[in-house]
Amino acid sequence: MKNHVMILLSRWKLPDAEHYALQYADGSELYISEKNRNEVKSGAILNLSISQVRMAKDLRDKLQSSSLDCRLEAVKTLAKLSGDLSFATEFITFDGITVLMQLVDSERFVKLQKIMTACFGEMLAYALTAFLELMDHGIVSWDSLTISFVKKIAGYVRSPGLDVTLLQRSLAILECMVLNSSNLYKVVSQEITVGHLTNHLQMSNQEIQTNAVALLNALLLKAPDEAKQLRWLAEAAEDKALNDTKTLLFEMASSPAQKQLRMVILNSVIRATQTIGTEMSHQLYVLQVLTFNFLEERMMTKMDPQDQMQRDALFELCRVAFEFEPDGLTQPGGTLERRKGLYSKDYKRLGFSNHVNPALDFMQTPPGMLAMDNMLYFSKLHQEAYIRLVLENSCRDDRHECPFARSSIELTRLLCELLRIGESPTETGQDYHPMFFTHDRSFEEFFCVCIQLLNKTWKEMRASIEDFAKVLQVVREQITRTLANKPNSMDQFRSRLQSLSYNEILKIRQKERMNQEEYGFQAAPIIELREKLQPEIMELIKKQRLNRLCEGMLFRKISSRRRQEKYWYCRLSQNHKVLHYGDVEDGAAVVPPIESLQEKLPIVDIKAVVTGKDCPHMKEKSTQKQNKELLELAFSILYNPDECLNFIAPSKYEYSVWIDGLNVLRGAEMGSDCTRSELEMLLSMEIKLQLLDLENVPIPEAPPPIPKEPSNYDFAYDYS
C-alpha cells in the first residue's frame with residue numbers, strides 16, 4: 001500500500017509519505033491497510049487522506065484542547081473512525097482511551113455540563129460512542145477502567161431526562177463492563193437498582209428498553225455462584241451475609257420488586273403497540289432462560305431422607321389429599337405404628353414408586369427436589385384440583401390409575417428438557433414465550449396446567465401403567481405444539497391444550513404423515529419410478545378383476561310382486577371368452593359348477609355395457625329413495641339387436657369390480673373410483689417398499705451430471 005501512496009504523492013509532489021493513507025470515500029470511510037486491501041472491490045472510490053497514525057495523534061491532542069469547538073469536532077471525527085481497527089490500534093497506542101476517560105470524568109467537563117447542557121449532551125454522546133467502539137476491538141482490557149469512570153457512566157443511567165443517545169450508550173457500556181470484568185460487575189450491581197432499570201423499561205423507545213433488558217441479563221448472567229443457587233433470589237433476603245452487599249441482584253429478592261419488574265416488561269415491552277424487534281426478542285429469550293436457570297440448583301438436588309423439613313413436605317402432600325377421609329391422618333387417638341402404616345398406604349395412593357420410603361423417588365437428577373416443589377405448589381395453590389386428581393386415580397384399578405407422584409416427577413423432567421433448564425442461552429435465540437412473563441411463579445403454574453393435561457390424556461388413551469411412556473410422548477407433543485403458537489397467558493395456554501385432545505393429535509399425525517409422503521412423492525426420481533410401476537400395477541388390478549368374474553357372483557332378480565326373491569348366478573369361463581349364467585336355488589351359498597349354468601353369452605357378442613337409468617330394467621322405476629339406491633348398483637350387457645342381460649350388484653364394490661372386469665374383456669379402460677383408489681394404494685406401497693433402503697436419505701431433484709469424456713482411452717496397467 002505504501003508504494004501506491006508514494007505514486008500518488010509523487011504525482012502531486014507531496015512530501016512525507018508516512019503521513020498519508022488511502023481511505024474509502026463513502027460509506028464507512030475505513031482506511032485501506034495491508035490486511036483489508038484484498039477486500040477493495042473494482043470501481044470503489046478512494047481518497048488520499050491523512051494516515052491513521054497522524055490522525056490518531058491529532059485527535060488525541062485536540063481532545064486535550066481548551067477550545068470547546070475543537071474538542072467537539074474531535075469527538076465527532078473520533079466516533080466516526082473508531083470502528084476502524086487500524087485507526088483504533090494507533091489511537092490506543094497514543095493512550096487515547098485514557099484521554100477519552102479523563103475527558104468524560106474530569107471536573108472541568110462536569111462544570112461544562114452545568115453551563116452548556118445541549119452542547120455537553122452532544123459531545124458526551126459522541127465521546128461514549130467512540131469509547132464503546134474502541135473497547136469493542138478487544139485491544140484494551142475492561143479491568144483497566146477506573147472506578148470513578150464506571151460510577152460516572154452509572155450516574156448517567158440514574159439521571160432522569162437524559163438524552164436518548166447518551167442513555168443508550170451508557171447502558172451499552174455498563175453491559176459490556178459487567179460481561180467482561182468481574183470487578184466491574186460488583187461496582188455496577190451496587191450502582192444500578194431495579195428501579196432505575198424499571199424507569200427505562202417504561203420508556204416508549206425500544207432501543208432504550210432493549211439496552212435496559214440487556215444490562216439486566218448481563219447482571220443475572222454474571223451473578224456469583226452463591227446468588228445463582230437462589231430461586232429468583234427469594235431466599236437471599238434471609239441470608240444476612242449476602243444481603244449486606246445491597247446489589248441489584250439481591251434487591252430483586254424482594255417479591256414486590258420482582259413483580260414490578262415483570263409487570264413493566266409485560267405491559268411496556270411485550271404487550272406494547274410497537275412490533276418487537278429482533279434484538280429485543282433475543283434479550284427477552286435470554287431473560288427467560290436465565291430466569292428458569294435459577295431452578296437448576298433445585299433440579300440437581302437429591303432428597304435427603306434424614307432432612308425433617310423434606311419429610312414434613314411428604315407428610316403435607318398426604319395431609320392435604322386425605323385429611324377429610326374417615327381414616328385420615330388427622331384422626332385422633334392413632335398410635336405411631338398405625339400412623340406409619342397409614343402413611344405407607346397413602347404414599348402408595350399418591351403414586352410413589354417407593355411407597356415405603358418415597359424419598360428414594362427424588363434421588364434421580366434431574367428433576368430432583370424441583371419435582372417436590374411443584375407437587376407442593378399444586379397441592380397448596382390449586383388444592384381442589386389436586387385433591388380431585390389424587391382421589392380420582394386412587395379409586396381406579398391399580399393397572400389403570402395415573403400415579404400422581406410418578407407423573408409429577410416425570411413431567412417435571414420433561415418440562416426441564418423442553419425449557420432447557422441449566423443450559424446457557426444461545427447467541428441467536430429468539431424463542432421467548434409471553435405467557436411466562438404473566439406470573440411470578442410461571443414454572444409452577446406451567447406444571448399445574450400440564451399435570452392436569454397428563455391426567456386428561458391418560459383417560460383419553462385409556463392407558464395402563466405399561467403405557468406410561470406413550471402417554472408422556474403424547475403430552476410432550478401436546479405441550480410443544482401449543483407452545484409453538486406462543487400463547488399470551490396461562491389461561492390461553494390451558495384452553496388451547498384442552499382443544500388439543502389425544503384424538504386431535506392422532507389426526508394431526510396422520511395429516512402430517514400424508515403430507516410428508518405427498519411431498520416426498522413429488523421428487524422427479526419418484527415421479528419417474530411411479531410412471532414405471534403404474535403399468536405393472538394396472539395389470540395386477542386387471543387380473544384381480546378377471547379372477548373375480550371367473551369366481552362369479554350371485555345376483556338378485558327384480559320382481560314386481562316382491563313376494564319371493566329369486567337369484568341367478570353369473571361367472572366367466574377360465575379362458576375369458578364366455579359368460580355362463582343361470583337360475584339357482586334361493587340364495588345358495590355354494591358356488592354352482594360352471595356346467596350347471598346352462599345359458600351362455602360369448603364375449604365377442606357384447607355390444608355395450610350400460611349403467612344406471614340407461615339399463616332397460618331401470619327405465620320404468622320411480623324416483624323413490626330405494627330405487628335411487630338400485631340405480632347406483634344396476635348395469636346391463638347389451639348383445640344382439642334387442643337382447644340384454646340385466647344385473648343388480650349386491651354392493652358398490654362388486655358393482656365396480658364387474659364394470660371394470662367387463663371393460664377389460666371389451667378392451668376398454670377401467671375408470672371406476674375403486675380402481676383409482678386401489679391403484680393409488682398399491683403404487684404407494686410399492687414405492688415405499690422400493691425406497692426402504694433410502695430412508696432418511698435426501699433424494700435429489702435432478703440426476704448428477706455425466707462427467708466429461710476422458711482425453712484418451714489408453715487405459716493400461718503395468719503388472720511387471
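The residues of the chain are indexed from 1 along the displayed sequence.
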What distance do [X] atom [atom1] and [Y] atom [atom2] have between them, rounded to the nearest 0.5 Å?
| X | Y | atom1 | atom2 | result |
| --- | --- | --- | --- | --- |
| Thr210 | Ile276 | OG1 | CD1 | 9.0 Å |
| Phe443 | Leu415 | CZ | CG | 5.0 Å |
| Ser408 | Tyr386 | OG | OH | 8.5 Å |
| Cys674 | Glu678 | SG | CD | 4.0 Å |
| Asp373 | Arg298 | CG | CZ | 4.0 Å |
| Cys448 | His439 | SG | NE2 | 9.0 Å |

Should the heavy atoms of other residues, nucleotides or ligands under 6.0 Å from [atom1] of [X] be counted, would the total exceed 12?
| X | atom1 | answer |
| --- | --- | --- |
| Glu427 | CD | no |
| Met685 | CE | no |
| Glu528 | CD | no |
| Lys470 | NZ | no |
| Gln473 | CD | no |
| Arg420 | CZ | no |
| Glu536 | CD | no |

Keeping the roles fixed (side chain from [X], backbone from [Y]), state whether a donor-acceptor pair exists under 3.5 Å.
| X | Y | value |
| --- | --- | --- |
| Ser379 | Leu376 | yes |
| Tyr285 | Met280 | no |
| Ser394 | Leu391 | yes |
| Gln478 | Leu500 | yes |
| Asn455 | Ile451 | no |
| Asn354 | Val356 | no |
| Gln206 | Thr275 | yes |
| Asn217 | Gln283 | yes |
| Gln209 | Leu201 | yes |
| Glu654 | Ala649 | no |

Legend entry - Chi angles and distances behind the salt bridge (charged side-chain N to carboxylate O under 4.0 Å, His left out) call for Lys511, Glu504: CA-CA 11 Å; Lys511 185 177 180 180; Glu504 191 65 25; over 6 Å; no
Should [X] and [Y] count as side-chain neighbours, where that means a heavy-atom distance under 4.5 Å?
| X | Y | value |
| --- | --- | --- |
| Leu414 | Leu411 | yes |
| Met538 | Met670 | yes |
| Cys416 | Arg413 | no |
| Met461 | Asp467 | no |
| Tyr432 | Val289 | no |
| Arg509 | Glu477 | yes |
| Met435 | Lys486 | no |
| Ser442 | Phe292 | yes |

Inset, instruction - Taking atom types as modelled, find out whether Arg513 and Gln510 have a side-chain donor-acceptor pair closer than 3.5 angstrom. - result: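 The criterion, which ignores hydrogens and geometry beyond distance, is satisfied for Gln510 and Arg513.
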Inset, instruction - Go through the side-chain N and O atoms of Thr278 and Ser281 and say whether any donor and acceptor fall under 3.5 Å apart. - result: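 Distance-only check fails for Thr278 and Ser281.
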Legend entry - Chi angles and distances behind the side chain to side chain contact (heavy atoms under 4.5 Å, CB included) call for Leu350, Cys318: CA-CA 8 Å; Leu350 275 174; Cys318 294; 3.7 Å; yes
Are [X] and [Y] within salt-bridge range, i.e. N to O under 4.0 Å?
| X | Y | answer |
| --- | --- | --- |
| Arg545 | Glu551 | no |
| Glu401 | Arg349 | no |
| Glu539 | Lys542 | yes |
| Glu316 | Lys380 | no |
| Asp361 | Arg406 | no |
| Glu686 | Arg530 | no |
| Asp673 | Lys652 | no |

Minimum-distance pair of heavy atoms, taken over all atoms of [X] and [Y]:
| X | Y | answer |
| --- | --- | --- |
| Tyr185 | Leu219 | CE1-O, 3.6 Å |
| Pro650 | Met553 | CG-SD, 3.9 Å |
| Met299 | Pro366 | CG-CB, 3.3 Å |
| Asn488 | Thr438 | O-CG2, 3.4 Å |
| Leu314 | Phe362 | CD2-CE1, 4.0 Å |
| Gly422 | Asn293 | N-OD1, 2.7 Å |

Inset, instruction - Fit a plane to each ring of Phe378 and His382, take the angle between them on a 0 to 90° scale, and name the class: parallel (under 30°), tilted (30 to 60°) or perpendicular (over 60°). - result: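 Answer is tilted, since the angle falls between 30° and 60°.
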Inset, instruction - I would like to know whether His433 and Phe436 meet ring pair (Phe, Tyr, Trp, His ring centres under 6.0 Å); could you show each step before the answer? - result: CA-CA 6 Å; His433 298 279; Phe436 291 133; 5.7 Å; yes
Inset, instruction - Kindly determine whether Arg311 and Gln308 satisfy side chain to side chain contact (heavy atoms under 4.5 Å, CB included), including the steps that lead there. - result: CA-CA 5 Å; Arg311 289 162 59 191; Gln308 186 60 44; 3.4 Å; yes
Legend entry - Pi-cation contact, Tyr502 with Lys456 (under 6.0 Å, within 45°):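 No; the conditions do not both hold, so Lys456 does not lie above the ring face of Tyr502.
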Legend entry - Validation row, ring centre Phe352 to ring centre Phe404 under 6.0 Å: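 For Phe352 and Phe404, the ring centres are not under 6.0 Å apart.
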Inset, instruction - Return the set of residues passing side chain to side chain donor-acceptor pair (under 3.5 Å) with Arg388 (not counting sequence neighbours), or none when no residue passes. - result: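 For Arg388 there are no side chain to side chain donor-acceptor pair (under 3.5 Å) partners, ignoring immediate neighbours.
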Inset, instruction - Check the pair Arg494 / Gln452 against side chain to side chain donor-acceptor pair (under 3.5 Å), numbers first and verdict last. - result: CA-CA 10 Å; Arg494 184 184 293 105; Gln452 295 178 73; 6.0 Å; no
Inset, instruction - I would like to know whether Leu317 and Asp346 meet side chain to side chain contact (heavy atoms under 4.5 Å, CB included); could you show each step before the answer? - result: CA-CA 9 Å; Leu317 289 174; Asp346 289 337; over 6 Å; no
